[in-house]
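As the structure is a computational prediction, the values presented were derived from the model and not from experiment. Numbers here are sequence positions counted from 1.
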Amino acid sequence: TAGGEWERLTEGPQDWAPSWSADGRFLAFVRGDREQEDILVYQFEDRQVMSFVATAARETHPEFSPDGRWLAYRSNESGRYEVYVTSVPDRARTLTVSAQGGVAPAWSRDGKTLFYYELHSPDDVRWMMKVTVRQEPELSLGRPTRFFPLPDGFQTLWPMRPYELHPDGRRFVVGRSAKTEPPLPIIRLHVVHNWFEELKRLSPVH
């Protein structure tokens with residue numbers, strides 16, 4: 001594709017994890033660091049930045065729904081990280097998506113499912129979770145269910161979402177660290193006598 005010119009949209013020292021609304025009018029992003037993080041929205045119509053989810057808690061990983069009516073995000077307002085959805089643009093309704101902690105939400109292309117992954121699990125296996133979303137007559141959420149276990153070496157890739165859903169809704173790309181071969185065993189040991197004299201011979205001091 002042909003590229004255009006670069007244009008800076010925001011002026012924050014740390015702005016990251018953007019999500020486009022389906023109509024291209026809004027760009028949700030996170031501003032902050034590991035101490036304080038808020039979700040802001042850039043409006044292309046008037047080129048203004050407005051606070052959207054900004055509290056004393058840490059809010060990250062904004063994701064617009066395919067129809068642009070909802071924004072999923074992560075927050076620790078309850079004391080641990082959970083996934084929430086809130087209505088756009090008024091935030092009149094906010095619902096909790098996860099049940100036992102969660103992070104990094106993503107919508108299916110048809111908007112009927114929300115995915116996220118567990119931060120911790122009793123069996124020490126991180127699971128990708130899924131939640132059924134019903135849009136009519138008003139938004140309602142099903143119970144979170146385990147979808148598939150994440151592989152050993154799964155990379156969280158903070159602050160970005162460490163997985164991507166294929167448009168067909170059946171496949172995921174997941175980041176993981178590669179296994180490395182163990183170092184070869186030591187089978188030979190060299191002992192150098194009078195190494196200091198040898199050092200002086202090789203590197204004389206003048």
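Residues Gln14 and Glu37 form no side-chain contact, since every pair of their non-hydrogen atoms from C-beta on lies 4.5 Å or further apart. For the pair Leu40 and Phe52, the minimum side-chain heavy-atom distance is 4.5 Å or more. Val131 has its side chain out of reach of Thr113: every pair of non-hydrogen atoms, C-beta onward, lies at least 4.5 Å apart. Considering only heavy atoms from C-beta on, Phe154 stays 4.5 Å or farther from Ser177 through its side chain. By the 4.5 Å heavy-atom criterion applied to side chains, Leu27 and Ser21 are not counted as neighbours. For the pair Arg126 and Thr156, the minimum side-chain heavy-atom distance is below 4.5 Å.
Counting only distance, with no hydrogens or angles, the side chain of Ser98 and the backbone of Val83 share a donor-acceptor pair below 3.5 Å. Ser65 contributes no side-chain N or O that, together with a main-chain N or O of Leu71, makes up a donor-acceptor pair within less than 3.5 Å.
With sequence neighbours excluded, the residues satisfying side chain to side chain contact (heavy atoms under 4.5 Å, CB included) with Gln48 are Gln43, Asp46. Remark: Phe115 engages Phe147, Phe172 in a ring pair (Phe, Tyr, Trp, His ring centres under 6.0 Å) (not counting sequence neighbours). Arg109 meets the salt bridge (Lys or Arg N to Asp or Glu O under 4.0 Å) test with no other residue; sequence neighbours excluded. Every residue two or more places apart in sequence or in another chain that forms a side chain to side chain contact (heavy atoms under 4.5 Å, CB included) with Ala57 is listed here: Thr55, Glu59, Ser75, Asn76, Glu77. Not counting sequence neighbours, the partners of Arg80 by the side chain to side chain donor-acceptor pair (under 3.5 Å) test are Glu82. Pro149 meets the side chain to side chain contact (heavy atoms under 4.5 Å, CB included) test with Val125, Trp127; sequence neighbours excluded. Under the rule for a side chain to side chain donor-acceptor pair (under 3.5 Å), the partners of Thr94 that lie at least two apart in sequence or sit in another chain are Thr86. Evaluation of the salt bridge (Lys or Arg N to Asp or Glu O under 4.0 Å) rule for Arg47 yields Glu7 as partners, not counting sequence neighbours.
Rounding to the nearest 0.5 Å places CD1 of Ile39 at 12.0 Å from CE of Met50. Note: Arg93 CZ to Arg69 CZ = 10.0 Å, rounded to the nearest 0.5 Å. Atom-to-atom distance recorded for Met128:CE and Glu118:CD is 10.5 Å, nearest 0.5 angstrom. Atom NZ of Lys130 sits about 5.5 Å away from atom OG1 of Thr145, to the nearest 0.5 Å. Note that OG of Ser108 and CG of Leu165 are 7.0 Å apart. Values are rounded to the nearest 0.5 Å. For the atom pair Gln36 CD and Arg58 CZ, the distance stands at 8.5 Å (nearest 0.5 Å).
Val53 and Tyr42 are members of different hydrophobic clusters when ILVMFWY side chains are connected at heavy-atom separations under 4.5 Å. Met129 and Leu95 fall within the same hydrophobic cluster, defined by Ile, Leu, Val, Met, Phe, Trp and Tyr side-chain heavy atoms under 4.5 Å apart, directly or through other members.
Residues Asp38 and Arg31 are not paired through a salt bridge, judged by the lack of any N-O separation under 4.0 Å between the basic side chain and the carboxylate.
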Could you list the donor-acceptor pairs under 3.5 angstrom formed by side chains in residues 133-141, with sequence neighbours left out?
none

Hey, can you pull the donor-acceptor pairs under 3.5 Å for the side chains in residues 183-198, sequence neighbours left out?
| from | atom 1 | to | atom 2 | distance (Å) |
| --- | --- | --- | --- | --- |
| Glu197 | OE2 | Lys200 | NZ | 3.3 |
| Glu198 | OE1 | Arg201 | NE | 3.3 |
| Glu198 | OE2 | Arg201 | NH2 | 2.7 |

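Of all heavy-atom pairs spanning Trp107 and Ala72, the tightest one is NE1-CB, 3.7 Å. For Asp110 against Lys112, the heavy-atom pair with the smallest separation is OD1-N, 2.9 Å. Scanning all heavy atoms of the two residues, the minimum distance from Gly101 to Tyr116 falls at O-CE1, 3.7 Å. Residue Ala22 comes nearest to Pro66 through the heavy atom pair CB-O, 3.0 Å, listed as atom of the first residue, atom of the second, then distance. Contact record, Ala104 with Pro162: CB-CD, 4.2 Å, taken as the closest heavy-atom pair. Shortest non-hydrogen contact noted between Ser87 and Asp90 is OG-OD1, 2.9 Å.
The stretch residues 54-83 participates, sequence neighbours left out, in these ring pair (Phe, Tyr, Trp, His ring centres under 6.0 Å) pairs: Tyr73-Tyr84. Within the structure, the ring pair (Phe, Tyr, Trp, His ring centres under 6.0 Å) test picks out the following pairs touching residues 2-31 (sequence neighbours left out): Trp16-Trp158, Trp20-Phe44.
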